[in-house]
Asker: 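Mind looking over this structure? Questions follow.
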Amino acid sequence: MKALTCILFSFLFLLLGSSSVIGQVVTPDTTNNNVQDTSLIVQDTSKNHLRTSSGKDTVVMKDESGLETVVTIVANDSSWNEVSKNIVHLYKGAKVKYQDFELSADYIRLDRNNNLLYASGVTDHNSKYVGRPVVLFPNDTPKAVDSLTYNYKTQEGKTFGVMTEVDGGFIQARAVRKNMYDEMSIYHGLYSTCDLPEPHTHFGIHISKGLILDKQIIAGPSYLVVQGIPIKFIAIPFGFFPKQDKKSSGFLFPSFGEDAARGFALRDLGWYLTFNDYWDTEFRGSFYSKGSWEASMRTNYMVNYKYSGGFNLRYAWTKTGVEGADNYGTNKDFNVTWNHTQRQEANPGTSFSASVNFGTGSYFQNTGANSTYDYDQLTRNNMSSSISYGRVFADGKVNFTSSLSHRQDMTSGKVDLELPTFSLNVATFNPFDSKDRVGEQKWYQRITVGYSLQGRNTISTGDSTLFKKESLQRFTNGFQHSVPVSLSLNAFKYFQFNTSMNYTERWYLQSIRNRSENTINGFETVRDTIQGFRRAYDYSFSSGLSTKIYGRYPQIGKVEAIRHVVTPSVNFNYRPDFSNPMYGFYKSYIDESGRLRDYSIFEGGIYGSPSSGQSAGIGFSVDNNIEAKVRTQNDTTGKGVKKVPIIQGLTFSGNYNFAADSLKLSTISFSGRTSLFNQKINLNFNGSFDPYQLDDRGQRYNRFAIEDGKLARLTNFGLSFDYTFNPDASKSRSDNIDSLRNNMPAMTQEQADALARISTDPNAFVDFNIPWNLAGSFSFQYSRRFDAVERKETGDYTATVNLHGDFNVTPKWKIQFNSGYDFRQKEVSLTRFSIYRDLHCWDMSFGWVPFGRYQSYNVTIRAKASILQDLKLTKRNSHYNY
């Protein structure tokens, strides 16, 4: 996202800084003839009687100030000295260091009389040019060249055949000369996105001649080169530009396309503004031939080691239907996003973050997800936002957090706002323990106490009425205090004893009263809201025992042993009946049918109301883990074994309430997991049983199912698993995602979105190092419901299978696919095919959705270099309709 002038000449801005000497030829054959002469010199040195052994030498010289300076000379192969001419020849791994200047090459010639260095590579026995010189100047990166000359006295030089990378692009120049005033002249310079000496898929800028000064650049004739074809009719004959090493404002190139509903498009035309190194903004607009248009403003900011973020404001004016028809109209939509991340070291003990996404629910549908037709965006049914602040006090013992949040259902238009929510938590402590205690804790010193305070202010309304005045009167709010007290002891050697008491108090600023009112249509229930502070509280007790039972089954074949660990636990719990009039939390009224009804005056409260009905019951659970030790055949000793998990976390749990007048036994829930095929498939399952029967109205009544010969009724069951046929693919993908995240600590919102898309979409990451990948998942859900028409219980289920993968057709071609099948709907789910072609410095992709509502295709060609990410050629044809 650079200006046009920046794209044309940005490579000159960073071209070896002010102290580099560079040059470039495209191939070794274009260097001067001295390169071939050096290969002959190498052969002659073996016959020269002045040849010396390899090693290290030093020469004492005087610099400009007259001070003596040491020149370090190293040659790994050989060196010889022409005494009469005072010239030293160095071969194979030769190195010369003078002050801060370093040079290494396979051939170096040092002329001490003229203070002149010449360096080049050599031609080996395979006729390949190897051992190119590598030069390093102060405060610069190493540069590889074909050959160079350098006067280390005057610091003037000339290089041939250098390539360097600048901000994702590559600079080549046939020759560059530098003088003692740090002025450089460039001859036949070339800027490209390809790092090859001859770019095979080339988009570049050719500069015939140029002069690089300290603060300005003077360029001669310059023109574009595309696929090796010079486009001279749009050449710039002469240019004078200020030299700067920072971002600059400028024009943003648009892309072109066609939309089935909106017509031909000019997309993302705009202007880029940079204010300083910490803040930049871009304005973009898209225009369609049928009258629709879009506008956006994106801003990014970053302060090193402190915080970073950005926000995006988007507005769309979309025409729908056919002009003159009944369905013709205009939709006005907007979308706002903001993200902010604070570095932990910026303010230790304090955190602040934001992730905001809100707008009209039809924005993504009416704009085709910003003309990307992204399936995830088109099918999303909610948006959410969160802004949070946190602070730790008292050496980490007190933690305060506060947040503003928003959740929007895009289907129904319902909006839930939390303005704000906060919590204050105090870490548990032992009030009866002494800091000076010696020895083990006594039982009362193990008592722990905690405290938490929560507050909420929330509203639920429609997106069309959100900003109306009457909406402010529908906010509900409240506070909740919780004090947990617990004690844990070892009992009877093998048991763990736990007891706890929980006290909860709620503060509300309003309560309700119900009454019946006589109207022309008869009696109706009316609810009045009473303003004023009211408090509600409840408390409960619980005590329990737990232990572990170990079982071992005898050897069976190759199975050395099977270990079964059972963890049973039982607890007694008690809660009073807070609907008792002595508490004042519940009142009565006669409803429209003339019956006396009890209700809570805190009904609908943000933290609920104390429960009615006494509870005195026993809770129970049983957890099971079964694993086997199996002999392995690939162990040379014959005694090797491996652990194979059979069942993990198989848990049954429930509760029996003695105080209830009927239906004392709760439903029995269960869950578990296991691994199959050498732990390549992780299978999870869960469900619940109901011990009671249903009457002819579908209501549970006080009769156990076992009385009719059934142990219990299965009310729901779920099963899911996934499998990958090539584990290396998922591991490589995870490693690459971690590497991207670690290498981009200050990501822009666009980069963060791309990384999130890669994390969730298995086809969003292209890795040619993995030749193939095939993975799938299966999900099954079963539930039973009562059919009021047939007056019996019926079963219902959903079952889906998904398959995704990719494979390399050639080392540069990859095909990706994603599909699935819904067994309940008996139809194929969204199916996508993608073909990716690696063009080295460019890439090309073809995406195809062959059928369904989002049937479409697109072809995209783009440059890989980050500086040219906005240079795109995209062709789309979509059947998407609004």
Side-chain angles (χ1 to χ4, degrees), residues 26-27 126 128 144 163-172 190-205 224-229 255 257 372 374 724-740 743-744 751 754-755 757-759 761-775 803-819 831-850 856-877:
V26 178
T27 63
N126 293 322
K128 291 184 178 181
M163 177 181 291
T164 183
E165 181 180 0
V166 176
D167 199 11
F170 296 91
I171 302 168
Q172 305 178 34
L190 186 65
Y191 176 78
S192 171
T193 60
C194 185
D195 60 352
L196 296 179
E198 287 290 345
H200 55 273
T201 52
H202 177 65
F203 177 96
I205 301 170
L224 290 175
V225 179
V226 179
Q227 198 64 30
I229 301 174
S255 62
T372 62
D374 183 87
T724 177
F725 293 89
N726 187 1
D728 293 338
S730 58
K731 183 178 184 301
S732 173
R733 178 169 164 272
S734 299
D735 293 343
N736 279 280
I737 292 174
D738 292 340
S739 178
L740 284 173
N743 291 333
M744 294 190 298
Q751 292 171 330
L755 188 59
R757 186 170 61 253
I758 290 173
S759 301
D761 183 3
N763 288 335
F765 175 69
V766 180
D767 188 359
F768 278 95
N769 295 322
I770 303 298
W772 67 274
N773 179 33
L774 181 63
L803 191 68
H804 62 85
D806 57 69
F807 60 91
N808 294 351
V809 180
T810 69
K812 299 295 183 180
W813 285 91
K814 181 181 281 289
I815 295 179
Q816 298 175 316
F817 58 90
N818 183 51
S819 186
T831 300
R832 289 180 291 180
F833 294 93
S834 299
I835 301 176
Y836 182 88
R837 173 66 166 96
D838 184 1
L839 300 175
H840 191 257
C841 52
W842 294 67
D843 59 40
M844 179 185 71
S845 62
F846 172 80
W848 180 38
V849 179
S856 61
Y857 75 86
N858 64 79
V859 179
T860 302
I861 301 176
R862 63 182 180 181
K864 285 185 180 179
S866 59
I867 195 173
L868 296 180
Q869 283 301 301
D870 287 315
L871 178 63
K872 301 175 183 177
L873 174 63
T874 304
K875 168 65 179 175
R876 282 191 180 92
N877 181 26

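FYI, the numbering just counts along the sequence from 1.
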Asker: For Trp772 and Phe725, work out which heavy atoms get closest and say how close.
Answerer: CH2-O, 3.4 Å

Asker: CG/Asn818 to CG/Asp806 distance, rounded to the nearest 0.5 angstrom?
Answerer: 11.0 Å

Asker: What pair of heavy atoms forms the shortest contact from Leu774 to Phe817, and how long is it?
Answerer: CD1-CZ, 3.8 Å

Asker: Restricting to side-chain contact (heavy atoms from CB on, under 4.5 Å), what partner residues turn up for Ile835, sequence neighbours left out?
Answerer: Trp813, Ile815, Phe846

Asker: Measuring from atom CD of Gln816 to atom CZ of Arg832, what distance do you get when rounded to the nearest 0.5 angstrom?
Answerer: 9.5 Å

Asker: Determine the minimum heavy-atom distance between Pro850 and Thr831, stating which atoms define it.
Answerer: CD-O, 3.4 Å

